[in-house]
Amino acid sequence: MEQRALGRSGLKVSTMTLGTAGFGGGLAAFGNTQLDGAKRQLAMARDAGVTLVDTADAYSTGLSEEIVGQALAGQRDDWLIATKVRFPMGEGPNDRGLSRHHVISGCEASLRRLGTDHIDLYQLHEWDGQTPVEETLAALQHLVDSGKVRYVGVSNFSAWHLMKVLGAAERDRLVRPVAQQIYYTLESREAENELLPAAADQGLGVLIWSPLAGGLLSGKYTRGADGQVEGPKGSRHLGDWNEPPVNTPDRLFATIDVLREVAAGRGVSGAQVALAWLLTRPTVTSVILGARTEEQLADNLAAGSLELSAEEVSALEEVSRQPLQYPYWHQKMTASDLLGPADQVLHRNHA
């Protein structure tokens with residue numbers, strides 16, 4: 001499996017990451033993988049060349065981290081571990097957010113659960129608009145200086161959130177994030193407007209969560225008679241889970257049709273095609289695979305060796321393309337002569 005540099009850092013990570021939101025069963029929509037199943041998934045991923053496992057303190061209220069730590073006992077040096085902090089881990093007023101208190105105590109708790117002395121990539125799981133970014137960055141700097149964290153990243157930040165953090169880090173000479181973890185798929189390409197260009201401009205790696213749009217791009221869903229999503233019994237989007245929201249069902253089903261056509265021509269699953277497409281996109285470093293079953297994981301891992309042709313990539317890009325929003329349509333009309341490389345991350349799709 002290809003290993004890519006994580007942004008401008010010297011750290012190399014596999015183009016596929018093992019996700020663990022389903023470890024522990026606290027997020028039922030993601031599965032209920034316990035220790036034995038986690039060991040099997042990690043072994044499958046390792047055999048395929050995966051080097052990074054991604055978890056979070058909030059997954060099953062810490063149980064996911066505990067399972068990861070137990071499953072990796074004796075093989076810690078073979079893996080990079082990414083985890084996150086921000087969401088509630090208790091009922092107290094300081095048991096959430098990105099304050100110095102919660103970031104440091106959250107890291108120390110994650111280290112205990114993971115059974116390790118360091119976290120390779122420590123990510124801010126979501127924006128905290130009530131804590132000064134300088135306070136958060138100073139806490140992260142302390143963790144890096146103490147050897148408890150090696151690299152830091154952000155997740156689910158808007159572009160202005162991201163640039164505010166990067167600006168403060170450079171101004172105050174504090175630790176600078178090397179990556180962002182975001183939602184980006186054939187079904188939902190809003191990240192191309194700001195987040196991917198920012199990554200290109202600022203030299204950030206990009207990790208993709210839910211790369212199959214919560215299963216929508218697996219090939220198992222179809223358009224029902226009423227225009228709504230239909231799929232096998234027990235499918236995530238047929239229950240109470242509504243993430244990601246489907247805002248443009250017509251485009252989704254048109255995309256699924258092309259996805260199936262490409263997959264049939266290759267003799268592979270639609271999921272493999274959707275994952276392989278993501279790995280062709282600029283700035284994307286790794287896609288995070290969170291499978292409910294070992295069969296799903298084996299199928300997803302096979303996408304690591306699938307290389308789509310230029311024609312296949314173009315067909316998928318055209319059918320899933322979203323219209324230019326302001327100010328991008330205005331830039332295309334009036335400023336196309338002076339657009340830079342980062343601008344072209346978006347504009348090259350609308351030439």
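Residues take their numbers from the sequence shown, with the count starting at 1. Quick note: numbers below take in every heavy atom, side chains included, and nothing from hydrogens, waters or symmetry partners.
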- Where do Leu207 and Leu121 come nearest, in terms of heavy atoms and distance? CD1-CD2, 3.8 Å
- Message: If we count only N and O atoms by modelled type, under 3.5 Å, do the side chains of Gln34 and Asp36 hold a donor and an acceptor together?
- Response: no
- Would a hydrophobic clustering, with Ile, Leu, Val, Met, Phe, Trp and Tyr connected at side-chain separations under 4.5 Å, put Leu80 with Leu140? no
Output side-chain donor-acceptor pairs under 3.5 Å for residues 37-48, partner residues at least two apart or in another chain, one line each.
{"unit_1": "Arg40", "atom_1": "NE", "unit_2": "Glu294", "atom_2": "OE2", "d": "2.5"}
{"unit_1": "Arg40", "atom_1": "NH2", "unit_2": "Glu294", "atom_2": "OE2", "d": "3.3"}
{"unit_1": "Gln41", "atom_1": "NE2", "unit_2": "Ala291", "atom_2": "O", "d": "3.3"}
{"unit_1": "Arg46", "atom_1": "NH1", "unit_2": "Gln75", "atom_2": "OE1", "d": "2.9"}

- Between Glu65 and Ser110, is any side-chain donor less than 3.5 angstrom from a side-chain acceptor? yes
- Working to the nearest 0.5 Å, report the span between CG of Leu63 and CZ of Arg113. 10.0 Å
- Quick one: are Leu275 and Leu212 in side-chain contact, heavy atoms under 4.5 Å? yes
- Query: Once you round to the nearest 0.5 Å, how far does CG of Leu217 lie from CD1 of Ile256?
  - Reply: 6.0 Å
- Note on the structure: Between Ser286 and Ser14, the two heavy atoms sitting closest are OG-O, 2.8 Å
- Message: Using the rule given for side-chain contact (heavy atoms from CB on, under 4.5 Å), can you reason through Leu204 versus Thr283, listing the C-alpha separation, both sets of side-chain angles and the distance that settles it, and then say yes or no?
- Response: CA-CA 7 Å; Leu204 297 177; Thr283 76; over 6 Å; no
- Item | Donor-acceptor under 3.5 Å (Thr131 side chain, Asp128 main chain) | no
- Message: Is it the case that the side chains of Tyr59 and Lys84 hold a donor-acceptor pair, with the cut-off being a distance below 3.5 Å and no angle test?
- Response: yes
- Message: Check whether Ser188 reaches the backbone of Thr185 with its side chain - one donor and one acceptor, N or O, closer than 3.5 Å.
- Response: no
- Heavy atoms, side chains only, cut-off 4.5 Å: are Glu312 and Val273 in contact? no
- Item | 4.5 Å side-chain heavy-atom contact, Ile119 and Cys107 | yes
- Item | CZ on Phe23 to OG1 on Thr55, rounded to 0.5 Å | 8.0 Å
- Query: Is any side-chain heavy atom of Gln180 less than 4.5 Å from a side-chain heavy atom of Phe157?
  - Reply: no
- Message: Within the structure provided, determine whether Gln202 and Glu170 are in side-chain contact (heavy-atom separation under 4.5 Å).
- Response: yes
- Query: If you look at every heavy atom in Gln322 and Glu187, which pair is closest and at what distance?
  - Reply: NE2-O, 3.9 Å
- Where does the angle between the aromatic ring planes of Trp209 and Tyr183 fall among parallel (under 30°), tilted (30 to 60°) and perpendicular (over 60°)? tilted
- Ignoring hydrogens and angles, tell me if any N or O in the side chain of Asn156 forms a donor-acceptor pair with the backbone of Trp127 under 3.5 Å. no
- Note on the structure: What one should report as the nearest heavy-atom pair of Val345 and Pro282 is CG1-CG, 3.9 Å
- Where Ala168 and Glu134 come nearest, the two heavy atoms and their spacing: CB-OE2, 4.4 Å
- Message: Grouping I, L, V, M, F, W and Y whenever their side-chain heavy atoms are under 4.5 Å apart, do Val103 and Leu166 come out in a common cluster?
- Response: yes
- Is there a path of hydrophobic side-chain contacts, each under 4.5 Å between heavy atoms of I, L, V, M, F, W or Y residues, that connects Leu162 with Ile208? yes
- What distance do Thr293 atom OG1 and Asn300 atom CG have between them, rounded to the nearest 0.5 Å? 8.5 Å
- Query: So, Gln141 versus Asp145: side-chain donor-acceptor pair below 3.5 Å or not?
  - Reply: yes
- Side chains of Thr33 and Ile67: closer than 4.5 Å at any heavy-atom pair? no
- Item | Evaluation steps, side-chain contact (heavy atoms from CB on, under 4.5 Å), between Leu124 and Arg86 | CA-CA 6 Å; Leu124 308 179; Arg86 157 54 169 88; 5.8 Å; no
- Supply the members, apart from Met89, of the Ile/Leu/Val/Met/Phe/Trp/Tyr cluster built from side-chain contacts under 4.5 Å; use none for a lone residue. none
- Task: Specify the closest pair of heavy atoms between Gly25 and Ser60, including all atoms of both residues, with the distance to one decimal.
- Result: N-OG, 3.5 Å
- Given side chains that start at C-beta, do those of Tyr122 and Thr83 come closer than 4.5 Å, heavy atoms only? yes
- Task: Dump the intermediate steps for side-chain contact (heavy atoms from CB on, under 4.5 Å) on Arg189 and Glu317, then the final yes or no.
- Result: CA-CA 10 Å; Arg189 295 174 55 181; Glu317 138 53 41; 2.3 Å; yes
- Are Leu297 and Val13 linked, directly or through other ILVMFWY residues, by side chains that come within less than 4.5 angstrom of each other? no
- Do other residues, nucleotides or ligands put more than 12 heavy atoms under 6.0 Å from Asp77 CG? no
- Task: Would you mind telling me which of Met16, Lys12, Gln3, Met1 makes a side-chain contact (heavy atoms from CB on, under 4.5 Å) with Thr51?
- Result: Gln3
- Query: Roughly how far, to the nearest 0.5 Å, is the CG atom of Leu278 from the CG atom of Leu186?
  - Reply: 6.5 Å
- Task: For atom CZ of Arg171, decide whether the heavy atoms of other residues, nucleotides or ligands shown that lie under 6.0 angstrom number more than 12.
- Result: yes
- Is it the case that Thr17 and Asp54 place a side-chain donor and acceptor less than 3.5 Å from each other? no
- Task: Answer yes when Arg76 and Asp120 have at least one side-chain N-carboxylate O distance shorter than 4.0 Å, and no when they do not.
- Result: yes
- Message: His350: which residues meet the side-chain contact (heavy atoms from CB on, under 4.5 Å) condition with it, sequence neighbours left out?
- Response: Arg321, Leu324, Lys332, Leu346
- Message: With rounding to the nearest 0.5 angstrom, report the NE2 to CG distance, His347 to Leu339.
- Response: 5.0 Å
- Message: Do Leu114 and Val152 sit in one hydrophobic cluster, given that two such residues count as connected whenever their side-chain heavy atoms are within less than 4.5 Å of each other, even indirectly?
- Response: yes
- Under 3.5 Å, is there a donor-acceptor pair between the Ser158 and His161 side chains? yes
- Item | Leu98 backbone acceptor or donor facing Thr136 side chain under 3.5 Å | yes
- Heavy-atom side-chain contact between Val287 and Arg281 under 4.5 Å: no
- Verdict with supporting geometry, Val53 and Leu72, side-chain contact (heavy atoms from CB on, under 4.5 Å): CA-CA 10 Å; Val53 58; Leu72 292 185; 4.2 Å; yes
- Message: When you compare the side chains of Thr255 and Ser320, does any donor N or O come within less than 3.5 Å of an acceptor on the partner?
- Response: no
